[in-house]
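Inspection log for the structure reproduced underneath, given as structure tokens.
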Amino acid sequence: MQTKYKSVMCKDIEPSMSGQSVTIAGWVHQIRDLGGKKFIIVRDGSGLVQVTVSKDSAQKELIDIVEQLTLESVIQVKGVVKADSRAPRGVEIVPTEIRILNLAKKPLPLDVSGKVPADLDTRLRERVLDIRRLEMRAIVRIGDTALRVIREVLRSKGFVEVFTPKIIATATEGGANLFPVIYFGREAFLAQSPQLYKELLAASLERVFEIAPAWRAEESDTPYHLAEFISIDIEAAFMDYEDVMKILEEVIYEVVKAVKQENEEDLKILNYTPPEVSLPIPRVRYVDAVNMLRSKGVEINVGEDLSTPHLRVLNEVLNTPLYFITEFPTKIRAFYTKPKDDDPLFSESFDLVWKHLELASGSSRIHIKEQLIKALTERGLNVESFSFFIKWFDYGMPPHAGWGMGYSRLLLMLTGRSSVKEVTLFPRDKKRLVP
RNA sequence: GCCGCGGUAGUAUAGCCCGGCUAGUAUGCGGGCCUGUCGAGCCCGUGACCCGGGUUCAAAUCCCGGCCGCGGCGCCA
């Protein structure tokens, strides 16, 4: 799209356009100065293109401007496209005018061109420059593909995208710590999950999904936790856990397929191949998982939750990158989780695990008021504070099920990075509040 | 929060075990040469031992405390 500042994007300049006059605008990615020949690699939102300035043919002012340039300065270049096999991608621009729109200070606090690696801590401190790096752009583009495909798959199944409130009244859902906010003089909290509201919406709209932030003020200080994260949630009436598992595995399958097809170049930049996904994704019952662990000498009893070290062993035993663990003990799951009809100690629940990382978790939900009150009471939760939720179970709450998936964790699987902080543009953790 | 490892130029690292150097290298930056680079090349230069205390003739190096980071664990409906 032509704008006030540019006629084409860098990536779209091709040898076939030889002779055409163009205007580009972007950042000085690299300068290679050979004396009589100066190569400026210009980067914009789309990619890179080379601008070549020769001493003999170029005007003196042009040379003067090039000599002032610093890395990451913003420039606008008017010139003529020239096909040349010696240039990267076989094409370059011979400039007639170069304007400096913003001269960058030097030295840069971070190497954008990718010659010198930086620690994640440094990268997050200098995040805006870091995001200009080709690797980060690849991660963002892969995430974009994932979000698009998730929306497409869910819409094709009749789900509608919704938003639930992020400022909520009660902090009584369980163990997680919430961030308090002052709401017109009253105490309120940032939502830790859309759970209760998405259930209420499923009771009206039948199939809903939401992609939105959630907040948890946990002590958790690991490469898989953030204080603010994007949660991908679905909730559907007239489905059970097995129905929504099928939706989840199809979403994963389609996302991986699309990323492999559409982000080939980005994956190459990242030097990574996402795992092979074939349907159905293997399912392991919790009880069987515990037995497998015990047979490997791991000390664990039925009823205990599976920890990260447990999942590491399980992943080895199962020898598959992606798997479901199903039918967890009822008492280690959230109060709204539906116990199995024939064996209420276990529940209609599941986790989707990649290697040793929980990507998503879901269940059938209780839809009978008395059972819900019983579940709350058993967990020592204050029934009264859930009245805003329970009330609607009197007026046609259908059987329903759903899941929630961490967006940055999914991105870990799709990009091969090891920390959710790396794949989150501006991560919020216990220590980081800026930038 | 606990355990482990670490903190050296703007960035990334060597040196630390075995105390003594003008603290090495890459990249960046400044200067010089160079008309086809694509991590350009070559030459010259520039710039650093986290903070505080201790041991010692002498500390980047050993010891103690602090701060910060990374990993593992814990916590995380």
Side-chain angles (χ1 to χ4, degrees), chain A residues 29-41 48-58 63 67 70-72 82 84-92 94 104-126 129-130 133-134 170-178 191-196 199 214-227 229 305 307-310 312 328 330-337 347 349 356 358 361-363 365-366 375-376 378-381 386 389 404 406 418-419 421-422 429-432:
Chain A
H29 189 66
Q30 274 181 63
I31 305 169
R32 286 191 276 271
D33 186 347
L34 275 65
K37 211 90 176 179
K38 296 177 200 305
F39 301 101
I40 308 160
I41 311 298
L48 307 170
V49 76
Q50 173 166 291
V51 174
T52 304
V53 183
S54 302
K55 207 172 195 171
D56 51 9
S57 56
I63 298 278
E67 277 170 356
T70 54
L71 294 176
E72 293 307 311
K82 184 184 156 205
D84 192 317
S85 59
R86 295 169 298 183
R89 283 168 46 224
V91 70
E92 63 191 9
V94 178
K105 203 173 137 184
K106 61 192 178 186
L108 294 168
L110 189 80
D111 171 42
V112 177
S113 72
K115 287 180 203 159
V116 185
D119 294 336
L120 185 56
D121 188 45
T122 308
R123 292 174 50 198
L124 293 177
R125 193 180 68 231
E126 311 298 344
L129 288 178
D130 185 54
R133 293 170 54 252
L134 266 21
T170 48
T172 47
E173 275 186 49
N177 293 308
L178 304 199
Q192 64 174 153
S193 156
Q195 183 62 36
L196 272 25
E199 286 192 50
W215 296 268
R216 291 182 190 178
E218 298 304 337
E219 286 300 307
S220 301
D221 187 12
T222 81
Y224 317 117
H225 289 83
L226 292 169
F229 64 99
D305 207 352
S307 67
T308 303
H310 292 148
R312 286 180 199 276
F328 284 88
T330 302
K331 65 175 183 197
I332 62 169
R333 300 297 277 201
F335 74 86
Y336 47 77
T337 308
S347 59
S349 59
H356 54 272
E358 179 193 318
S361 126
S363 67
R365 325 296 195 188
I366 294 171
L376 282 165
E378 278 171 0
R379 271 159 256 252
L381 294 166
F386 286 92
F389 177 61
S418 55
S419 169
K421 294 170 194 177
E422 183 174 6
D429 61 29
K430 225 179 150 187
K431 297 254 165 102
R432 266 174 274 260

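These numbers come from the heavy atoms of this one structure, side chains and all, not from hydrogens, waters or symmetry mates. To find a chain, count down the sequence lines: A is the first, B the second, and so on, and within it residues start at 1.
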Nearest-angstrom distance, [atom1] atom, [N] to [M]:
N	M	atom1	answer
rG19(B)	rU13(B)	P	26 Å
rG6(B)	rG47(B)	C1'	24 Å
rU46(B)	rC51(B)	C1'	26 Å

Would you say the base of rU27(B) and the side-chain of Lys115(A) have a donor-acceptor pair closer than 3.5 Å? no
For this output row, return yes or no: ring centroids of Tyr336(A) and Phe389(A) closer than 6.0 angstrom.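 No, too far apart.
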Are Arg333(A) and Phe328(A) in a cation-pi contact, defined as NZ or CZ under 6.0 Å from the six-membered ring centre and within 45° of the axis? yes
So Glu92(A), base contact, sugar-phosphate only, or nothing? Heavy-atom distance under 4.0 Å.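 Touches a base.
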Heavy atoms only, 4.0 Å cut-off, all strands: where does Lys38(A) land among base, sugar-phosphate and nothing?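 Nothing, no nucleic acid heavy atom in range.
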Taking only residues two or more places apart in sequence or in another chain, which ones pass side-chain hydrogen bond (donor to acceptor under 3.5 Å, both in side chains) with Glu422(A)? Arg123(A)
For Ser363(A), what residues pass the side-chain hydrogen bond (donor to acceptor under 3.5 Å, both in side chains) criterion, not counting sequence neighbours?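 Partners of Ser363(A) under the side-chain hydrogen bond (donor to acceptor under 3.5 Å, both in side chains) test: Arg365(A).
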Whether the side chain of Arg89(A) engages the backbone of Leu48(A) through a donor-acceptor N/O pair (distance < 3.5 Å, no angle test) should be reported. yes
Any protein N or O atoms within reach of nucleotides 7-13 of chain B? Criterion: under 3.5 Å, listing atom names and distances.
{"residue": "rU11(B)", "atom": "OP1", "partner": "Arg125(A)", "partner atom": "NH2", "Å": "3.3"}
{"residue": "rU11(B)", "atom": "O2'", "partner": "Pro117(A)", "partner atom": "O", "Å": "3.4"}
{"residue": "rA12(B)", "atom": "OP1", "partner": "Asp119(A)", "partner atom": "N", "Å": "2.9"}
{"residue": "rA12(B)", "atom": "OP1", "partner": "Thr122(A)", "partner atom": "OG1", "Å": "2.7"}
{"residue": "rA12(B)", "atom": "O4'", "partner": "Pro117(A)", "partner atom": "O", "Å": "3.0"}

If you pin Gly114(A) and Pro223(A) to their nearest nucleotides in RNA chain B, which one's is more 5'?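 The 5'-side residue here is Gly114(A).
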